[in-house]
Number of protein chains: 2
Amino acid sequence: MEIPGVVIARLPLYAQALEALAQKGEEVVSSQRLGEALGITPAQIRKDLSYFGRFGKQGRGYNVAGLLGSIRQILGLDRQWRMALVGVGRLGRAILSYEGFAPQGFHIVHAFDVDPEVVGRKFESLVVRHVRELEETLAQEPVDIGVVAVPPEAAQEVIDRLVRAGVRAILNYAPMTPRVPPGVQVRRIDPVVLLETMTYYLKGQEGVRFLQGRDPLFLR
Amino acid sequence: MEIPGVVIARLPLYAQALEALAQKGEEVVSSQRLGEALGITPAQIRKDLSYFGRFGKQGRGYNVAGLLGSIRQILGLDRQWRMALVGVGRLGRAILSYEGFAPQGFHIVHAFDVDPEVVGRKFESLVVRHVRELEETLAQEPVDIGVVAVPPEAAQEVIDRLVRAGVRAILNYAPMTPRVPPGVQVRRIDPVVLLETMTYYLKGQEGVRFLQGRDPLFLR
DNA sequence: ATCTGTGAAGCACTTCACAGCG
DNA sequence: CGCTGTGAAGTGCTTCACAGAT
């Protein structure tokens with residue numbers, strides 16, 4: 001059975017909420033309560049989970065730790081993931097020093113740049129290599145995911161090279177839309193694009209405009 | 001007429017692509033070509049634009065500069081937007097030094113934190129105030145958008161205070177889902193959540209799994 | 001001849017509503 | 001008796017296909 005992409009996109013939110021519940025010591029949660037925490041209908045949550053199996057107990061709800069474990073396994077978070085960063089400017093350094101990746105099993109194991117000021121320097125115990133060594137490095141020590149933090153003009157070429165080097169997932173911080181072959185995953189991190197989707201609703205001066213229709217998945 | 005949220009979410013992508021075309025000196029673009037640049041069908045683009053008016057010339061296409069201007073106006077980007085940052089740790093400082101906001105009309109005009117090490121210090125010519133001064137500061141110099149870069153445990157309270165202070169849009173960098181009253185816009189920036197939506201497709205070991213169904217809007 | 005704008009059809013996701021189980 | 005799991009119904013977005021403009 002083929003699972004809607006939008007369902008996969010919600011699973012990490014479920015996992016995040018379940019982690020918070022687990023940390024509070026909650027052992028059981030109903031689709032009702034989980035839905036309230038996430039602004040998602042209980043029916044949606046039950047339907048989503050039903051794509052993957054039966055995780056709940058009727059009359060009781062879901063075991064928090066158990067469901068969290070199941071979702072993590074579904075998402076492939078029961079292993080470590082290796083990433084290569086390209087672009088070690090201000091943004092790239094912020095990404096390198098972000099402590100949120102490792103606890104979820106994501107590790108930046110290579111960093112590349114073209115700037116002679118940066119190549120050879122060490123950040124967070126990683127020596128920056130020149131981008132020209134990208135293919136060679138990834139051939140010897142492959143990664144699962146490429147993280148792109150270069151200027152938008154350079155991003156397409158970097159992504160092409162990552163893909164040719166076998167990378168099948170790209171986390172793209174550059175403000176542009178890359179072209180990639182089918183089967184290569186791309187996700188965009190672009191705060192300005194998100195801001196621009198909010199100003200539309202703000203501009204109605206104190207107007208009472210709401211988000212219409214289905215919540216388009218930058219859910220909250 | 002009420003416009004689907006998903007349509008609003010695509011407009012910034014159209015604007016971004018049009019800016020790139022304008023910079024290349026292109027004067028006219030068809031829905032076909034624009035769609036190819038964005039991985040969106042031409043019909044989708046024409047339908048989206050038709051919600052707001054008739055911007056094209058039959059037989060020719062769209063004037064790049066003209067359409068860009070129209071979209072910017074629709075999104076409310078024909079003015080400046082004031083933002084307040086809460087949380088001036090590593091992430092907050094990276095946000096403060098990000099040069100991508102100003103060119104699109106977004107300006108951080110206040111920065112708040114609770115850490116005595118940080119309060120009173122100056123970053124990018126902004127003096128960090130204590131969060132206890134948030135309400136007073138925003139009463140005197142209001143902002144349109146709140147940017148939240150505090151630890152997840154603190155985020156809900158910060159967002160509550162921003163909303164009570166009149167902020168109706170939140171850009172949330174904290175890895176949690178806040179509850180906000182209806183009419184308040186929230187957008188999430190969470191690289192880990194996006195990574196986790198990719199690992200699902202990666203884990204099928206060289207498997208040929210593709211994203212199914214409608215592209216869930218973290219489009220590329 | 002080309003490309004837009006759009007009603008209508010198609011399709012995918014969401015919500016309903018209830019059987020069934022603890 | 002509460003809550004899950006799930007077919008069926010409902011809804012809204014996407015794509016089609018073509019009239020119409022240049």
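Owing to the predicted nature of the structure, the values given are computational and were not obtained by experimental measurement. Numbered from 1 within each chain, the chains take letters A, B, ... in sequence-line order.
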Looking at five pairs on each end of the helix from dA1(C)-dT22(D) to dG22(C)-dC1(D), what is the angle between the two axes, given to 10 degrees? 10°

For Gly105(B) and His107(B), which heavy atoms make the closest approach, and how far apart are they? O-CD2, 3.4 Å

Any protein N or O atoms within reach of nucleotides 5-7 of chain C? Criterion: under 3.5 Å, listing atom names and distances.
from: dG5(C); atom 1: OP1; to: Phe55(B); atom 2: N; distance (Å): 2.9
from: dG5(C); atom 1: OP1; to: Gly56(B); atom 2: N; distance (Å): 2.8
from: dG5(C); atom 1: OP2; to: Tyr62(B); atom 2: OH; distance (Å): 2.8
from: dG5(C); atom 1: N7; to: Arg46(B); atom 2: NE; distance (Å): 2.8
from: dG5(C); atom 1: O6; to: Arg46(B); atom 2: NH2; distance (Å): 3.0
from: dG7(C); atom 1: N7; to: Lys47(B); atom 2: NZ; distance (Å): 3.2

Is it the case that over 12 heavy atoms from other parts of the model lie below 6.0 angstrom from the CD atom of Glu124(B)? yes

I want to check one thing: is the phosphate of dG5(D), taken as OP1 and OP2, less than 4.0 Å away from some side-chain N or O of Arg60(A)? no

State whether the number of non-hydrogen atoms from other residues, nucleotides or ligands found under 6.0 Å of Glu36(B) atom CD is greater than 12. yes

Determine: side-chain N/O of Thr41(A) to OP1/OP2 of dT14(C), distance under 4.0 Å, yes or no. no

Find the distance between OH (Tyr173(A)) and OH (Tyr98(B)) and round it off to the nearest 0.5 Å. 11.5 Å

Figure out the CZ/P separation between Phe52(B) and dT4(C), and round it to whole Å. 18 Å

Whole angstrom is fine here: how far is it from CD1 in Ile40(A) over to C1' in dT15(C)? 14 Å

Output the residues of residues 18-31 of chain B in contact with DNA chain D, where contact means a heavy atom of the residue under 4.0 Å from an atom of the strand; sort by number or write none. none

Considering all heavy atoms, the nearest Ala174(A)-Ala155(A) contact: CB-CB, 3.6 Å

Nearest 0.5 angstrom please: Leu21(A) CG to Leu34(A) CG, how far? 6.5 Å

Whole Å only: how far is the CG atom of Asn63(B) from the P atom of dT22(D)? 16 Å

Relative to the ring of Phe112(B), is the ring of His110(B) parallel (under 30°), tilted (30 to 60°) or perpendicular (over 60°)? tilted

Can you tell me how far the CG atom of Leu13(B) sits from the CG atom of Leu11(B), to the nearest 0.5 Å? 8.5 Å

It should be established whether Gln44(A) places a side-chain nitrogen or oxygen under 4.0 Å from OP1 or OP2 of nucleotide dT15(C). yes

Compare every heavy atom of Leu202(A) with every heavy atom of Arg168(B), then report the nearest pair and how far apart it is. O-CD2, 3.8 Å

Using whole Å, report how far CG of Leu34(A) lies from P of dG2(D). 20 Å

What is the distance from atom CG of Asp190(B) to atom CG of Asn172(B), rounded to the nearest 0.5 Å? 8.5 Å

Would you say the side chains of Glu19(B) and Gln23(B) form a donor-acceptor pair under 3.5 Å? no

Within this structure, what is the CD-to-C1' distance between Gln32(B) and dA17(D), rounded to whole angstrom? 15 Å

